[in-house]
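Heads up: the structure comes next, in structure tokens.
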Protein chains: 2
Amino acid sequence: MLETTNERAGMPAVSATQGRSPGNAGTQRRKAGRPSAAVLDKAGITAGALKLISRKGYDGLTMAALAKQLEVAPSALYNHVAAKRDVLLLVEDHLTALVDVSGFGTASWEQAVRTWAWSYRNVFAEHTPLIPVIAVLPVTDAPQTLAMYETVSKGFLAAGFPQERVVSSIVALESFIFGSAYDVTAPEDIFESGSMAESTPNFTAAVRSSAGVPGRPADVAFELGLEALISGLGALRG
Amino acid sequence: MLETTNERAGMPAVSATQGRSPGNAGTQRRKAGRPSAAVLDKAGITAGALKLISRKGYDGLTMAALAKQLEVAPSALYNHVAAKRDVLLLVEDHLTALVDVSGFGTASWEQAVRTWAWSYRNVFAEHTPLIPVIAVLPVTDAPQTLAMYETVSKGFLAAGFPQERVVSSIVALESFIFGSAYDVTAPEDIFESGSMAESTPNFTAAVRSSAGVPGRPADVAFELGLEALISGLGALRG
DNA sequence: CCGCTAAATGAATGCCGTTCATTTATTAGA
DNA sequence: TCTAATAAATGAACGGCATTCATTTAGCGG
């Protein structure tokens with residue numbers, strides 16, 4: 001629980017320990033037993049996971065690869081997390097802190113929601129494998145996520161939303177945001193009907209004419225749905 | 001490559017082939033080599049996967065378990081699907097055919113969308129592990145899915161939607177539907193803030209007052225968002 | 001000083017998707 | 001009608017995965 005941020009500053013401890021034979025590429029082993037300075041902590045694990053994700057994607061995020069990244073044996077990770085799910089949780093909470101909630105309290109409700117929703121979608125579009133985790137995640141375990149909900153709730157209440165509709169309104173928006181995050185990852189030709197085009201004339205024509213609309217398709221659809229939700233939900237204010 | 005559709009009609013061939021000694025629990029071995037009557041086909045694999053999913057959930061859907069369910073060696077499956085992803089695809093396309101599109105052509109656009117969206121959400125709420133697959137799935141590979149899009153597109157066009165907005169409107173609705181399907185699976189106490197309740201007074205109060213609203217929380221939020229989308233998108237008709 | 005606990009290693013486990021060589025049956029073509 | 005190609009099954013094997021366990025070592029509290 002300490003989360004001592006200091007030990008994450010420099011190189012991992014092993015780098016100072018090794019290098020006795022110059023020219024060794026840094027693959028030197030650490031002996032068994034507890035090291036004098038702790039090598040791992042949750043912040044370091046989070047940082048290592050993020051680096052691994054950005055370099056190799058979520059397929060590359062394995063406990064073995066994460067251990068290697070941190071220059072540690074895989075089993076050492078289990079002194080700090082109970083399972084891989086906990087690593088994903090750390091990453092999720094870290095990312096949620098990046099979502100822009102600054103509009104609440106400074107801008108109109110409509111504009112604050114716009115900023116928040118676009119930011120939220122953009123952050124998780126790069127991290128869709130986390131979405132199934134988030135969906136089942138009790139907020140208790142994710143303090144930053146809880147903080148985000150607090151700010152957003154306060155904004156909704158200040159805008160005149162009746163208390164009992166705040167959570168369901170946020171959930172509706174969030175559902176749209178998560179679904180739209182997936183949409184960003186879809187391949188461009190996802191709607192190419194190929195050989196069955198003749199049997200689906202209406203859909204095929206609609207897809208064709210969509211091609212002329214400026215902007216990324218996922219952005220166009222998100223804009224459309226978000227504005228519909230904002231005006232529809234906004235009408236329910238007291 | 002044949003994909004002879006006829007062999008998909010009846011029960012999987014295995015049911016007719018086995019059980020030579022009645023009372024035998026079906027653990028009988030088959031010799032190596034091609035059997036006279038084909039044991040596997042895509043319809044049988046789909047049915048086996050669905051049975052497995054309903055009994056053991058998606059964690060229980062492994063290639064080994066599926067093979068056992070179909071009384072076949074695991075490697076035999078790879079004569080019919082290239083990878084496990086293909087099995088999920090078969091399941092997805094099967095489920096999409098269960099989505100109710102009957103409102104399009106018979107009811108108002110609003111009512112047709114309502115029926116379609118609720119049905120779509122309910123079907124996939126039980127199958128959320130498919131959602132990441134659907135998101136990346138080119139429709140070419142899923143004929144039933146393509147058929148659904150055709151019916152829905154036709155309904156939107158008939159309701160007066162400009163052609164170039166049909167696809168993005170459907171995508172926006174679908175994003176909301178997929179996100180909401182996840183929401184159904186969330187545990188009841190997902191918003192219990194626990195020990196941090198004092199630092200999140202607005203959110204905690206909102207969660208408390210939500211408890212008084214009748215209906216399942218996921219349903220309330222879905223209703224709210226869906227009606228907002230219907231009125232917001234409906235305003236864009238020509 | 002001594003024992004407990006924390007944090008590391010390294011070996012081992014069981015499951016998973018997938019591949020490959022092999023066997024056998026069907027089918028197409030000369 | 002023989003024959004070669006192909007299709008569909010078995011069974012053994014593979015590498016990778018998350019996770020567990022015994023062991024070693026270091027620091028801390030009584």
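Each chain gets a letter, A, B and so on, in the order its sequence line appears, and its residues count up from 1.
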**Asked** Which whole-number value in Å describes the distance from A:Asp59 CG to C:dC16 C1'?
**Response** 15 Å
**Request:** Take the protein atom CZ of A:Arg85 and the nucleotide atom P of D:dC17, then report the distance between them rounded to whole Å.
**Result:** 19 Å
**Message:** Of the options D:dT19, D:dT10, D:dA8, whose atoms approach the side-chain atoms of A:Pro74 most closely?
**Reply:** D:dT19
**Asked** Which whole-number value in Å describes the distance from A:Asp41 CG to C:dA7 C1'?
**Response** 12 Å
**Request:** Pick base, sugar-phosphate or nothing for B:Thr62, based on heavy-atom distances below 4.0 Å to the nucleic acid.
**Result:** sugar-phosphate
**Asked** In terms of side-chain heavy atoms of B:Ala76, which of D:dT20, D:dA9, D:dC17 is nearest?
**Response** D:dA9
**Asked** Nearest-Å distance, CD1 (A:Ile45) to P (D:dA18)?
**Response** 14 Å
**Side chain of B:Ser75 (C-beta onward), nearest among D:dA12, D:dT19, C:dG10** = D:dA12
**Complete:** Whole-Å distance, A:Tyr78 OH to C:dA8 P, equals 15 Å
**Complete:** Between NZ of A:Lys84 and P of D:dT20 the distance, given in whole Å, is 15 Å
**Asked** Does OP1 or OP2 of D:dA7 have a side-chain N or O of B:His80 closer than 4.0 Å?
**Response** no
**Prompt:** Ring centres of B:Tyr182 and B:Phe178 under 6.0 Å apart?
**Reply:** no
**Asked** Any ion pair linking B:Arg216 and B:Asp183 (charged N to carboxylate O, less than 4.0 Å)?
**Response** no
**Prompt:** Can you check whether A:Phe124 reaches A:Ile177 side chain to side chain, under 4.5 Å on heavy atoms?
**Reply:** no
**Message:** If I take atom CG in residue A:Leu40 and atom C1' in nucleotide C:dT9, what distance separates them, rounded to the nearest angstrom?
**Reply:** 12 Å
**Asked** Rounded to the Å, how far apart are A:Glu71 CD and C:dT9 P?
**Response** 10 Å
**Asked** Any idea which of D:dA18, C:dT18, D:dT20 is nearest the A:Met63 side chain?
**Response** D:dA18
**Asked** Considering only heavy atoms and no angle criterion, is a donor-acceptor pair shorter than 3.5 Å present between the side chain of B:Asn79 and the base of D:dA7?
**Response** no
**Prompt:** What are the two closest heavy atoms between A:Leu137 and A:Ala142, and how far apart are they?
**Reply:** CD2-CB, 4.0 Å
**Among A:Thr96, A:Thr115, A:Thr151, side chain to side chain contact (heavy atoms under 4.5 Å, CB included) partner for A:Val101** = A:Thr151
